[in-house]
Number of protein chains: 6
Amino acid sequence: MNGLGGVLRRGAVFLGSKEEYEEAQLVILGAPLDWTISWRPGARLGPAHIRASSEVLEEYSPALDCDLSSVPFYDAGDLELPFGDTAASLALIRESVQRIIMDGKVPLLLGGEHLVTYPAVEAVRQYHPDLAVLHFDAHADLRQEYMGVTLSHATVMRRVLELGRLELYQFGIRSGSEAEFIFAPTHTHFYPFEFREALEKVVPTLAGRPVYITIDIDVVDPAFAPGTGTPEPGGCTAQEILASVYALRDLLVVGFDLVEVAPLYDPSGRTGVLAAKIVREAILAWGSRSQETAEGG
Amino acid sequence: MNGLGGVLRRGAVFLGSKEEYEEAQLVILGAPLDWTISWRPGARLGPAHIRASSEVLEEYSPALDCDLSSVPFYDAGDLELPFGDTAASLALIRESVQRIIMDGKVPLLLGGEHLVTYPAVEAVRQYHPDLAVLHFDAHADLRQEYMGVTLSHATVMRRVLELGRLELYQFGIRSGSEAEFIFAPTHTHFYPFEFREALEKVVPTLAGRPVYITIDIDVVDPAFAPGTGTPEPGGCTAQEILASVYALRDLLVVGFDLVEVAPLYDPSGRTGVLAAKIVREAILAWGSRSQETAEGG
Amino acid sequence: MNGLGGVLRRGAVFLGSKEEYEEAQLVILGAPLDWTISWRPGARLGPAHIRASSEVLEEYSPALDCDLSSVPFYDAGDLELPFGDTAASLALIRESVQRIIMDGKVPLLLGGEHLVTYPAVEAVRQYHPDLAVLHFDAHADLRQEYMGVTLSHATVMRRVLELGRLELYQFGIRSGSEAEFIFAPTHTHFYPFEFREALEKVVPTLAGRPVYITIDIDVVDPAFAPGTGTPEPGGCTAQEILASVYALRDLLVVGFDLVEVAPLYDPSGRTGVLAAKIVREAILAWGSRSQETAEGG
Amino acid sequence: MNGLGGVLRRGAVFLGSKEEYEEAQLVILGAPLDWTISWRPGARLGPAHIRASSEVLEEYSPALDCDLSSVPFYDAGDLELPFGDTAASLALIRESVQRIIMDGKVPLLLGGEHLVTYPAVEAVRQYHPDLAVLHFDAHADLRQEYMGVTLSHATVMRRVLELGRLELYQFGIRSGSEAEFIFAPTHTHFYPFEFREALEKVVPTLAGRPVYITIDIDVVDPAFAPGTGTPEPGGCTAQEILASVYALRDLLVVGFDLVEVAPLYDPSGRTGVLAAKIVREAILAWGSRSQETAEGG
Amino acid sequence: MNGLGGVLRRGAVFLGSKEEYEEAQLVILGAPLDWTISWRPGARLGPAHIRASSEVLEEYSPALDCDLSSVPFYDAGDLELPFGDTAASLALIRESVQRIIMDGKVPLLLGGEHLVTYPAVEAVRQYHPDLAVLHFDAHADLRQEYMGVTLSHATVMRRVLELGRLELYQFGIRSGSEAEFIFAPTHTHFYPFEFREALEKVVPTLAGRPVYITIDIDVVDPAFAPGTGTPEPGGCTAQEILASVYALRDLLVVGFDLVEVAPLYDPSGRTGVLAAKIVREAILAWGSRSQETAEGG
Amino acid sequence: MNGLGGVLRRGAVFLGSKEEYEEAQLVILGAPLDWTISWRPGARLGPAHIRASSEVLEEYSPALDCDLSSVPFYDAGDLELPFGDTAASLALIRESVQRIIMDGKVPLLLGGEHLVTYPAVEAVRQYHPDLAVLHFDAHADLRQEYMGVTLSHATVMRRVLELGRLELYQFGIRSGSEAEFIFAPTHTHFYPFEFREALEKVVPTLAGRPVYITIDIDVVDPAFAPGTGTPEPGGCTAQEILASVYALRDLLVVGFDLVEVAPLYDPSGRTGVLAAKIVREAILAWGSRSQETAEGG
């Protein structure tokens with residue numbers, strides 16, 4: 001605080017964030033990693049951009065008819081990752097997510113590239129052994145390795161699978177190698193291309209089970225989300241990804257992330273606003289449930 | 001004119017504009033106001049951009065099968081507003097719209113921010129007491145005040161309502177405060193989110209009654225209209241907003257505006273082209289009716 | 001080759017191109033012409049951009065379940081056109097396409113502006129007299145002349161028609177002069193606006209007949225393909241243009257082109273990626289058929 | 001603070017800002033006003049952009065051989081100004097600056113447009129009656145009124161002069177009306193165009209006297225600072241404006257501001273980095289002196 | 001005029017243009033040709049951009065201490081050139097310039113690409129046989145042909161030379177083929193690289209003789225004028241090109257042009273503002289002399 | 001080659017590159033590494049951009065009066081680096097540079113980030129034990145570690161120094177930590193800020209000795225080279241960096257690199273053109289000497 005009274009806005013945090021970590025049921029954490037990206041870098045600028053974009057939104061969601069004040073959350077800012085050191089960066093993310101969970105809070109990661117999902121799921125899985133991971137993406141990310149690298153945004157879901165004791169559900173995948181498209185149907189719950197109906201079918205089967213949700217913004221068509229490193233034409237609309245958030249409303253979400261927002265490629269800023277809106281709706285749709293659980297438990 | 005013959009194109013006016021004000025049944029007027037905007041300014045550059053964008057269009061509309069030559073209109077250019085002086089600017093807009101109506105012509109305002117609708121409706125309402133205002137927007141714009149300011153692009157429809165003796169129809173609203181979403185259903189004809197069916201239902205009830213139509217370009221999804229100050233994902237498509245223009249074809253339109261085009265945020269220029277196409281179709285769909293009326297009257 | 005071993009990537013050719021012309025069944029040829037463009041130039045930068053954009057794609061198409069290795073093709077690079085000399089440029093394109101056909105290969109032209117279709121069809125028609133030309137575009141391109149110029153991207157389909165002994169099918173047209181919309185229905189198979197159903201109806205009638213396909217990227221809505229010179233709101237989606245490629249899968253395609261990609265207007269690069277994806281899917285969907293034919297013949 | 005330890009960076013404040021207002025000798029305050037701007041708006045985005053740009057800088061200045069740790073300052077964030085209400089906004093700025101001075105600290109304003117200098121000088125002048133105002137700008141800003149508006153970024157220095165009991169020094173002016181260029185030499189210490197030598201001459205005459213310094217970023221040539229609303233070719237270089245900061249090192253600076261940074265017009269971000277570097281050097285060059293004074297006093 | 005009174009600004013003409021051709025001593029004419037450009041097109045958008053950019057300038061020049069009201073000029077708008085037809089376009093330009101001269105006025109051409117200088121000089125030379133052409137450019141433009149094309153922006157000065165009965169002075173050239181650099185010193189007054197001193201030496205020798213001046217904006221370093229098709233690092237500053245305009249003040253300028261402004265490559269807009277400032281200063285520095293002459297003659 | 005004759009241009013290599021590695025005296029190698037970058041990534045796009053930008057240049061240098069045909073060089077394309085794996089990437093670069101040297105050729109690396117200099121110098125040093133390294137940069141790059149990482153673009157020159165048996169000359173440094181500015185004068189030949197005179201003094205002392213030259217494009221002021229990740233205002237001009245290349249003309253250059261070009265931040269493309277011009281001049285100024293040596297040796 002300062003001596004200047006109440007008319008100031010200091011620093012940039014996500015719309016509606018509480019002032020104190022302790023008040024929060026849910027914690028936003030930025031993970032500005034982007035060095036294993038294969039085409040165009042820039043996802044490291046995602047978290048700060050999503051926060052700044054949240055300013056244009058209201059705290060109230062007409063679709064969910066509730067307000068961010070109803071789910072106390074805290075935006076913890078960005079991790080200071082050691083640039084170019086993948087192993088150390090992943091360790092830092094894993095430890096931070098662990099701490100959030102140990103504090104009885106739900107982690108919400110803002111990427112950065114998709115590889116950040118790996119340490120996050122690693123941490124969540126320790127506390128929720130029967131975990132289901134729901135993965136929305138244009139790309140399968142199931143490669144064994146990519147250009148000799150095993151920890152990469154192109155291999156992350158393969159690494160997640162290898163953690164074991166979890167099930168992976170993939171939605172919207174429309175790009176991959178032939179090997180990935182052979183591997184996926186026998187190793188994951190695989191719903192490529194249009195996924196709305198699949199989602200309706202899957203949701204009831206997950207009732208009561210802990211789920212981790214990871215959304216790669218490129219599952220959305222680049223018309224609606226051009227600010228991303230590896231755009232793949234033919235994705236869903238903004239309305240459809242928001243509808244997916246609502247469709248998952250009754251699940252027990254124990255962690256989630258939104259990754260691959262790269263603002264350099266979108267001078268209009270609409271990718272950041274869409275990302276911020278997904279975050280707001282996810283907090284409202286999934287966070288209140290986690291709150292009940294916490295209160296109930 | 002000049003001594004150089006017929007191969008010259010001088011100045012920039014909307015495609016198909018007549019050379020003389022007197023010939024026109026309908027008058028385009030730019031109102032480059034953008035100082036009460038809450039997030040990103042730039043709507044003041046809208047009118048000039050829409051004019052320049054109209055160059056890429058044909059004068060003929062295949063959808064309506066008619067041509068701009070069939071509705072004589074005049075592009076009067078931009079008002080020279082006193083920058084930063086809201087009250088004086090609104091007065092200037094109101095007086096200019098009044099003059100257009102008194103000259104027996106239909107005003108077509110190009111914003112500028114949404115606040116320009118207020119003086120325009122104020123002027124129109126004097127001559128058409130039983131007015132219906134049709135409002136297409138992502139945002140309700142129904143706040144009592146915004147950051148202590150009562151005349152703002154976030155409060156404009158509340159101010160319009162307060163003029164009294166008119167009815168407000170709102171279409172496509174998908175953002176607002178909780179207070180606005182409580183206020184709206186009891187004070188306006190409120191059709192949030194998808195509005196196509198609502199429009200079909202409403203149009204017949206408005207037959208023969210004077211209507212003023214205001215389109216905030218952000219009712220369209222930012223994928224189709226990224227060039228705007230406060231983008232809100234989840235809107236309608238370009239085809240859907242054009243279809244709305246056609247759906248209103250039989251109404252007695254006594255004034256309209258298109259606002260919030262901010263070209264800085266759209267390097268592709270497609271927002272300006274969409275705006276120009278909406279203007280062309282609106283002139284053809286609504287202007288010819290006004291012409292009949294004028295001739296009939 | 002060089003002395004540096006296998007880890008190098010030299011030059012920029014379309015993803016999956018063979019090293020040698022002789023190996024190929026299909027030849028990509030860039031035609032960077034853009035001087036008859038009426039509004040915004042820049043299509044000359046299209047071919048290089050589409051090649052660079054192909055890097056983000058996989059060689060495997062999940063929709064078609066096959067891989068670029070299955071259709072041997074060669075990217076021959078760009079023609080060095082004499083800037084500003086339309087006649088000489090068209091002659092150069094015509095001769096190059098002729099040579100490709102005489103070598104028993106299928107030409108795939110990357111524009112450049114739409115006028116490049118004219119010499120390509122001229123060459124193809126010599127070897128396939130009963131040709132059907134399928135034209136996907138926002139604009140009719142059927143003008144007799146444009147600003148005194150008869151060879152222009154606004155007149156190209158009229159010129160193609162005048163070659164005689166071919167039939168023209170037009171899909172998705174949503175802009176043109178009144179004269180063009182009067183001319184089209186009596187001179188071409190004319191399917192303006194939405195064309196999916198028309199395509200389903202037309203395809204069976206073309207079985208076994210040689211077809212040349214020309215896709216102007218602006219048939220797609222500028223939300224999905226903003227990088228083009230004359231954007232026209234209200235077009236199809238990325239999914240719909242890809243579905244059109246699949247719908248034409250069983251035809252005997254003897255030549256095709258993709259034109260009017262102008263990367264300057266799309267900082268996100270998604271137009272280039274969409275164009276590259278259309279090219280990949282077209283090679284896989286149409287090229288393998290041409291291969292059979294060649295092998296069968 | 002939060003439970004996540006020391007690896008986090010939360011919010012965005014200027015490089016090296018203290019955590020607490022009380023620790024500071026100097027206070028940075030953002031004033032995101034931009035509604036009286038005559039050409040291109042966007043200066044409201046300046047303060048946040050300058051803060052974010054400061055991240056690329058070191059805290060150490062090789063030119064001054066000292067470090068931001070040597071001058072304790074606090075970045076108080078941005079004032080929440082009522083959009084479009086000039087009078088209320090100026091009052092808010094004036095009161096905040098007053099408070100900073102009353103707390104014994106030096107105010108450093110980040111614009112916003114140049115009009116913010118008016119309330120700042122108004123506040124400073126109350127405590128330092130014998131004030132000299134040093135004004136670096138491309139434009140004279142001495143108009144009596146502009147388009148009927150008296151409080152505008154084009155009239156601000158005339159208003160400042162009218163406060164009385166202060167002297168105005170103008171450097172680098174290269175644009176204005178004929179009336180301004182007649183008025184200036186008789187009412188201000190007027191050093192248009194190249195100002196390096198003038199500065200050397202003037203500085204000794206100001207020794208010991210309280211000075212307020214206002215730098216309009218457009219005094220710098222748009223090659224070095226393109227991100228501004230009203231660029232005027234022919235200005236000084238980045239090195240020259242930094243040299244001016246050093247030249248003023250021995251003065252008793254009681255307040256300063258940097259205005260008219262509009263990041264929308266500079267995709268390279270170098271304007272923001274230059275602005276941040278000017279701020280860093282100004283804090284080091286001028287702030288340490290103010291510290292001495294405070295300590296001495 | 002229209003019925004709306006005096007607060008309107010209609011169309012876009014260069015700052016200070018008279019309403020009527022007849023009043024003018026000097027005529028601005030846009031020549032939006034850009035089809036023989038070798039690298040990046042877009043100069044056709046130059047004239048409209050320069051006009052729009054002139055809005056940010058004052059009508060008064062402090063450097064020349066005079067005002068645009070002192071030299072009556074008329075902005076005639078843009079020629080409607082037949083896209084892609086070089087010969088017809090050049091003829092149209094030549095005829096228009098001829099007409100301007102025959103009307104006793106001085107032509108000021110806004111390119112467009114540099115080839116537009118050819119028909120302009122052709123026209124001027126008819127009336128001023130002893131013409132000196134002063135050419136400011138980064139490129140020699142002296143090729144015999146370029147990629148088989150003889151009329152091109154890379155050959156234009158060779159074509160001008162071939163007109164005969166004129167002398168060519170070249171300033172600032174820093175790029176060309178070896179052949180051009182061998183040709184130039186024996187065929188033109190050749191002052192490559194730094195040209196300030198050369199200019200001082202040359203100017204007195206041209207006293208009283210009719211001169212045509214052509215400025216390719218790329219003579220200026222791309223730091224100061226990035227909006228051009230073929231940027232060549234190492235040019236002069238904005239101040240230096242303006243100083244050149246002043247240095248030529250006493251010459252008898254019978255025609256001039258400013259070419260190769262391509263706004264697409266400069267999101268900051270400063271190239272357009274520099275171009276507009278060059279035009280303003282040129283009108284004031286050269287136009288008043290032409291006025292005297294006209295009055296004297 | 002292909003069957004289409006001589007009018008084709010295939011792939012993108014640096015202007016004037018020979019077709020075969022064996023013909024070359026000098027080898028260009030792209031090293032698209034950018035994962036240890038601290039602020040804005042994108043230098044991986046540098047090599048391809050510099051090649052594409054070389055197209056706008058002539059092969060002839062007027063300043064050096066010679067032509068690229070006089071120094072046979074080969075552009076080997078880009079190394080395929082494993083994204084995010086720093087150690088493996090550096091090994092690959094080192095091995096490739098070793099091979100080039102073993103083949104009796106001079107390596108010319110195009111970064112990528114500055115860290116690529118480390119393996120290059122490591123390789124060169126093996127064959128030239130008495131090496132002098134000349135380093136042009138805005139930043140000292142002498143940190144012991146940066147955010148826990150020892151191999152980073154902020155530590156690269158410290159690592160180079162640690163290789164031992166070489167001397168480091170630093171020019172133009174204007175940013176660093178206090179520790180770096182204490183370390184530098186006692187460990188390197190340190191010429192911060194303006195360096196022209198220093199260069200003149202140093203060059204004669206290096207006669208006959210093998211030198212490796214590394215140019216970080218950010219030594220140039222961001223006005224002239226905005227396309228870079230960590231812009232630092234106050235650098236040299238384009239003319240000055242070119243003059244530096246000429247000043248080093250008589251040295252025995254055994255390797256060089258140009259790093260940190262990040263085209264995303266420069267829509268004008270002038271950074272790429274400047275980089276390409278530096279490369280052309282360096283090939284001509286330094287490569288011909290290496291040729292003599294090779295021939296002599």
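Every chain is numbered from 1, with letters handed out A, B, ... down the list of sequences.
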Inset, instruction - For the residue pair Leu68(B) and Leu15(B), establish whether any side-chain heavy-atom pair is separated by less than 4.5 Å. - result: yes
Legend entry - Any residue of residues 175-184 of chain C which, by heavy atoms, sits under 4.5 Å from chain B: Ser175(C), Gly176(C), Ser177(C), Glu178(C), Phe181(C)
Inset, instruction - Give the ring-plane orientation class for Trp35(C) versus Phe83(C), where under 30° counts as parallel, over 60° as perpendicular and anything between as tilted. - result: perpendicular
Legend entry - Main-chain N/O of Val13(B) paired to Ser17(B) side chain as donor or acceptor, under 3.5 Å: no
Legend entry - Asp78(B) and Arg51(B) ion-paired at < 4.0 Å: yes
Legend entry - Side-chain touch Leu248(B)/Trp286(B), heavy atoms, less than 4.5 angstrom: yes
Inset, instruction - Using distance alone, with no hydrogens and no angle criterion, decide if Asp266(C) and Ser268(B) have a side-chain donor and acceptor under 3.5 Å apart. - result: no
Inset, instruction - Verify whether the ring centers belonging to Phe195(C) and Phe136(C) lie closer than 6.0 Å. - result: yes
Legend entry - Pairing of Arg143(C) and Glu58(B) as salt bridge, 4.0 angstrom limit: yes
Legend entry - Donor-acceptor contact below 3.5 Å, side chain Asp34(B) vs main chain Pro41(B): no
Inset, instruction - Between chain C and each of Leu274(B), Asp67(B), Ile278(B), count heavy-atom pairs under 4.5 Å; write down the option with the most. - result: Leu274(B)
Legend entry - Sorted by number, residues from residues 150-161 of chain C in contact with chain B (heavy atoms, under 4.5 Å): none
Legend entry - Ring-ring centroid check His114(B) His135(B), cutoff 6.0 Å: yes
Legend entry - Part of Ala52(B) lying under 4.5 Å from any heavy atom of chain C: backbone
Inset, instruction - For chain C, find its close neighbours in residues 234-241 of chain B: heavy-atom separation under 4.5 Å, sorted by number, or none. - result: Ala238(B), Gln239(B)
Inset, instruction - Determine, for Arg280(B) against Glu59(B), whether the closest basic-nitrogen to carboxylate-oxygen distance falls under 4.0 angstrom. - result: no
Legend entry - chain B contact via Pro267(C) - side chain, backbone, both or neither, heavy atoms under 4.5 Å: side chain
Legend entry - Test item: Val116(C) and Val259(C) side chains (from C-beta on) under 4.5 Å apart, heavy atoms: yes
Inset, instruction - Side-chain contact test, heavy atoms from C-beta onward, threshold under 4.5 Å: evaluate it for Tyr191(B) versus Val202(B) and give yes or no. - result: yes
Legend entry - Whether over 12 other heavy atoms sit under 6.0 Å from Glu162(C) CD: yes
Legend entry - Side-chain donor-acceptor pair present, Tyr246(C), Glu281(C), cut-off under 3.5 Å: yes
Legend entry - For chain C, which residues of residues 212-228 of chain B have heavy atoms nearer than 4.5 angstrom: Ala223(B), Phe224(B)
Inset, instruction - Applying side-chain contact (heavy atoms from CB on, under 4.5 Å), run through Leu163(C) and Tyr118(C) and close with a yes or a no. - result: CA-CA 9 Å; Leu163(C) 289 170; Tyr118(C) 177 57; 3.9 Å; yes
Legend entry - Donor + acceptor pair across side chains of Gln170(C), His189(C) (<3.5 Å): no
Legend entry - Non-hydrogen side-chain atoms of Val211(C) and Val133(C) separated by less than 4.5 Å: no
